[in-house]
Every structure is written in structure tokens, then in C-alpha cells.
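Naming: A, B, ... by sequence-line order, numbering from 1 per chain. Being a predicted model, the structure only gives us computed values, none of them experimental.
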2 protein chains.
Amino acid sequence: MTLPMILDIGEVSRQSGLAVSTLRFYEEKGLIQSCGRRGMRRLFEASVLLRLALISLGKNAGFSLDEMDEIFTFQDGVQIDRDRLMNKADELDLKIRQLTAVREGLRHAADCSAPSHLECPTFQRLLDGALKKNKVKRKTKGV
Amino acid sequence: MTLPMILDIGEVSRQSGLAVSTLRFYEEKGLIQSCGRRGMRRLFEASVLLRLALISLGKNAGFSLDEMDEIFTFQDGVQIDRDRLMNKADELDLKIRQLTAVREGLRHAADCSAPSHLECPTFQRLLDGALKKNKVKRKTKGV
DNA sequence: CTACAAGCTCAAGCTAACTTGAGGTCAAGA
DNA sequence: TCTTGACCTCAAGTTAGCTTGAGCTTGTAG
């Protein structure tokens with residue numbers, strides 16, 4: 001009753017929406033694994049699709065591939081640093097608040113007809129809200 | 001008794017936390033503007049700090065510099081496309097939901113001692129939740 | 001007045017995350 | 001048998017977003 005558990009790279013590409021070259025690239029980086037070869041061709045377990053979905057989410061969340069390699073590798077026996085995860089979760093918290101502020105800012109800007117939004121009090125309030133939380137983030141280096 | 005309204009690039013760098021080279025780069029891209037020069041040196045109005053804060057938020061939200069150049073330029077007279085803003089806000093909505101799922105996933109993973117989180121039902125539920133929303137690609141108008 | 005820190009320009013370099021290209025393998029259908 | 005088409009490798013190219021380096025200019029403190 002198990003549906004095709006083994007997929008070739010083209011099938012994974014079709015189902016994940018990622019380019020074949022991207023899949024090979026991810027495998028080389030260690031983000032995903034093929035479960036063997038048939039001749040020269042890579043074979044993948046269907047579970048790789050779940051993992052790729054997780055990677056997409058992570059990318060969207062702003063994680064780098066390297067970070068995800070560390071964070072999302074919940075392999076058997078490999079204990080992933082609990083603090084590290086919590087820390088990442090906290091970073092996401094901040095980010096979510098900021099995104100929410102930006103979203104509200106955009107929605108407001110679409111409706112508000114002030115000449116310059118940078119001077120609109122509502123807009124500034126939203127901005128300030130987001131920045132206040134940001135204060136904790138003193139770092140010399142940008143992304 | 002207005003405090004120094006005019007800042008030189010070093011001061012902007014100090015107050016914004018961005019490298020001087022980054023500020024010059026942003027100016028070249030048109031993301032910020034200097035209000036003139038003293039000799040060869042750029043001068044900035046204090047308001048550039050607010051704009052830079054907005055840019056930082058936007059970057060965090062995953063906007064590219066080019067996008068922000070279009071979206072965050074609420075200049076006098078320049079009418080920014082209302083649909084475009086709303087569309088961006090909707091994109092952020094989706095992103096916020098995904099980030100929330102990832103955050104919960106991380107928090108769960110930190111506590112759950114299942115051997116493989118990809119197989120943990122709670123984790124999968126969170127993942128599915130995020131992915132389901134992803135399917136809903138509404139909105140007729142693209143960029 | 002002269003040293004020098006802080007500016008400046010322009011070109012080149014760097015990292016992440018992929019993509020593209022050249023050239024080769026292999027199973028299957030006409 | 002011959003031809004496709006999907007796969008392979010490895011190297012080089014691409015884009016975004018900056019940073020670095022070389023070489024030149026200035027305002028100001030000693």
C-alpha cells in the first residue's frame with residue numbers, strides 16, 4: 001500500500017517545485033540526502049519532500065542554508081542544541097513583530113493620503129513600535 | 001534650539017549602525033538622499049535616520065533594496081500604487097503565518113524528545129498548517 | 001603650517017545561493 | 001541500430017548586497 005517511496009530527481013523537482021540543479025546543490029551542501037543511485041541516477045525517498053518543505057519555510061523565515069543545515073537536522077542520535085533552537089525561536093518572535101508593523105504600515109499607507117508617510121503620525125507610531133523592540137539588537141555587521 | 005539637523009556621514013553611520021560604505025551604497029541606489037555637500041562631503045538631514053530604520057525593517061521583512069526603492073518612496077506628488085502596497089501586505093500576512101509556524105515548530109522541537117522531528121505528529125501538524133496556507137495563492141493582480 | 005582623521009571616487013573583490021554550459025552516460029522507443 | 005531525453009559531473013557565470021583597496025582632498029587640532 002505504500003505509494004512510490006522512491007523518486008528520481010525529476011519527480012522530486014516536479015513535486016517540490018525546485019529546480020533539479022537546486023536539488024543537486026542542496027544535496028552537495030548536505031541539506032538533503034539521496035538514498036542511493038540506480039546506475040548514475042540519484043534516488044530519493046519521498047520524505048525528502050517534507051524536508052524540502054521545511055527548508056522552504058526556513059528560507060522564508062530568513063534562515064541561511066547553513067543555519068538550516070545545523071538547525072533542521074534532527075537526525076537520530078544527533079542532539080540539536082536546545083538553547084540554539086529557543087534562541088532562534090526568540091529571534092523569530094522579534095521578526096514577526098517587525099513584520100506585523102511593516103504590514104500595518106503598508107496597509108495604512110495604502111489608505112492614508114498624507115503627502116509624506118514618513119511624517120504621518122500613524123505611520124511613525126507603527127515604525128516606532130517596531131524599532132523599540134529592535135533596540136536590543138546592537139550589532140556592527142549587517143546581513 | 002533644534003539639535004543638529006544636519007549630519008555628516010560618520011554621524012549617520014554611528015546613529016544608524018550602518019557602515020559608511022553601506023550608506024554611500026544606499027545613496028547610489030537611490031534609497032536615501034544626501035541634502036547636499038560641504039566641500040566634497042555629503043550632508044544628511046536627520047530624517048534619513050527614520051528612513052534607514054524603515055529600510056532595516058523592510059530588509060528584515062525580506063524586501064529587496066529595489067523593492068523598497070519602489071515601495072517606500074512616498075515622495076510628495078509621487079503616487080505609489082495602492083494595489084501594490086496591499087499586495088505586499090498580503091504577502092507579509094502569509095509570511096507571518098509561516099514564521100509563526102516555524103517558531104512554534106522550533107519551540108516544540110526544543111522540548112519534544114522524539115528521535116526524528118520530521119516524524120513527530122505535532123511537528124508535522126505545524127508544518128502542514130504552514131504549507132496549507134501556502135497553497136492559497138489568491139489575488140489576481142501580480143507585480 | 002602641517003599632520004591626520006575623516007571624507008571622497010572608482011574599481012575590484014567577496015559571500016550566498018543558485019544557474020548555465022560543455023561534454024558524457026544510459027535505457028527505451030521507432 | 002539510432003536517437004531521444006533524462007540524468008550525470010565539474011567549472012564557470014550571475015545577482016544582490018555590500019566591503020575593501022588605492023589614491024586623492026579637506027577641515028581642524030597642535
Side-chain angles (χ1 to χ4, degrees), chain A residues 4 6-45 48 51-73 88 91 137 139-143, chain B residues 4 6-45 48 51-73 88 143:
Chain A
I6 300 297
L7 313 171
D8 78 350
I9 201 169
E11 195 52 33
V12 175
S13 167
R14 241 160 281 129
Q15 293 197 34
S16 68
L18 294 169
V20 165
S21 60
T22 304
L23 296 174
R24 283 197 279 255
F25 175 70
Y26 282 1
E27 191 199 18
E28 202 181 336
K29 283 223 94 175
L31 274 169
I32 59 174
Q33 274 161 266
S34 52
C35 60
R37 300 269 179 140
R38 177 161 57 215
M40 67 190 329
R41 300 175 181 215
R42 286 168 183 82
L43 297 173
F44 293 92
E45 286 173 20
V48 80
R51 184 155 179 94
L52 286 170
L54 186 57
I55 291 170
S56 295
L57 280 187
K59 272 187 49 182
N60 216 333
F63 293 151
S64 71
L65 298 185
D66 282 352
E67 268 176 326
M68 286 190 279
D69 203 9
E70 296 177 47
I71 292 177
F72 292 161
T73 301
K88 277 291 159 193
E91 278 176 34
K137 193 196 168 187
K139 255 228 154 191
T140 351
K141 188 151 185 205
V143 175
Chain B
I6 300 297
L7 313 171
D8 77 353
I9 202 169
E11 195 52 34
V12 174
S13 168
R14 241 160 282 129
Q15 294 198 34
S16 68
L18 295 168
V20 165
S21 60
T22 304
L23 296 174
R24 283 195 279 253
F25 176 71
Y26 282 1
E27 192 200 16
E28 202 181 337
K29 285 223 94 178
L31 274 169
I32 58 173
Q33 274 161 267
S34 52
C35 62
R37 301 268 180 140
R38 179 161 58 215
M40 66 188 331
R41 299 174 180 213
R42 286 167 182 81
L43 297 174
F44 294 91
E45 286 172 20
V48 82
R51 184 156 179 92
L52 287 170
L54 187 57
I55 291 170
S56 294
L57 280 186
K59 273 187 46 184
N60 218 333
F63 293 150
S64 71
L65 298 186
D66 283 352
E67 269 176 324
M68 285 190 280
D69 203 7
E70 296 178 45
I71 291 178
F72 291 161
T73 301
K88 276 291 158 193
V143 177

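Shown for residues 34-42 of chain A: residues whose heavy atoms fall under 4.0 angstrom of DNA chain D, namely A/R37, A/M40, A/R41, A/R42.
Taking CD1 of A/I32 as the start and CD1 of A/I55 as the end, the distance is 6.5 Å to the nearest 0.5 Å. Between B/L43 atom CG and B/D8 atom CG the span is 7.5 Å, to the nearest 0.5 Å. Here B/L54 contributes atom CG and B/F63 contributes atom CZ; the two are 9.5 Å apart, rounded to the nearest 0.5 Å.
Computed from coordinates, the B/D69 CG to D/dG17 P distance equals 11 Å when rounded to whole Å. The CD1-P distance, from B/I55 to D/dA16, rounds to 17 Å in whole Å. Here the P atom of nucleotide C/dA28 and the CG atom of A/D8 are 13 Å apart, to the nearest Å. Across the protein-nucleic acid pair, B/E27 atom CD and C/dC10 atom C1' stand 15 Å apart, rounded to whole Å. At whole-Å resolution of the value, CD1 in A/I9 and P in C/dC26 are 17 Å apart. Rounded to whole Å, atom C1' of D/dG27 lies 13 Å from atom CG of B/L43.
Put simply, the side chain of B/R51 does not reach to within 4.5 Å of the side chain of B/Q33, judged on heavy atoms.
In this structure, A/S34 contributes its side chain and A/F44 its backbone to no donor-acceptor pair below 3.5 Å. Panel note: side chain A/R41, backbone A/I9; no donor-acceptor pair is recorded below 3.5 Å. At distances below 3.5 Å, at least one donor-acceptor pair connects side-chain atoms of B/S56 with backbone N or O atoms of B/L52.
Residue B/R24 has no polar side-chain atom (N or O) positioned under 4.0 Å from OP1 or OP2 of C/dT9.
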Item to check | Contact letters for nucleotides 15-23 of chain C, in which S counts primed atoms plus P, OP1 and OP2 and B counts the base, heavy atoms under 4.0 Å | outcome: --BBSB---
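A side-chain hydrogen bond (donor to acceptor under 3.5 Å, both in side chains) check over residues 17-26 of chain B, counting only residues at least two apart or in different chains, returns nothing.
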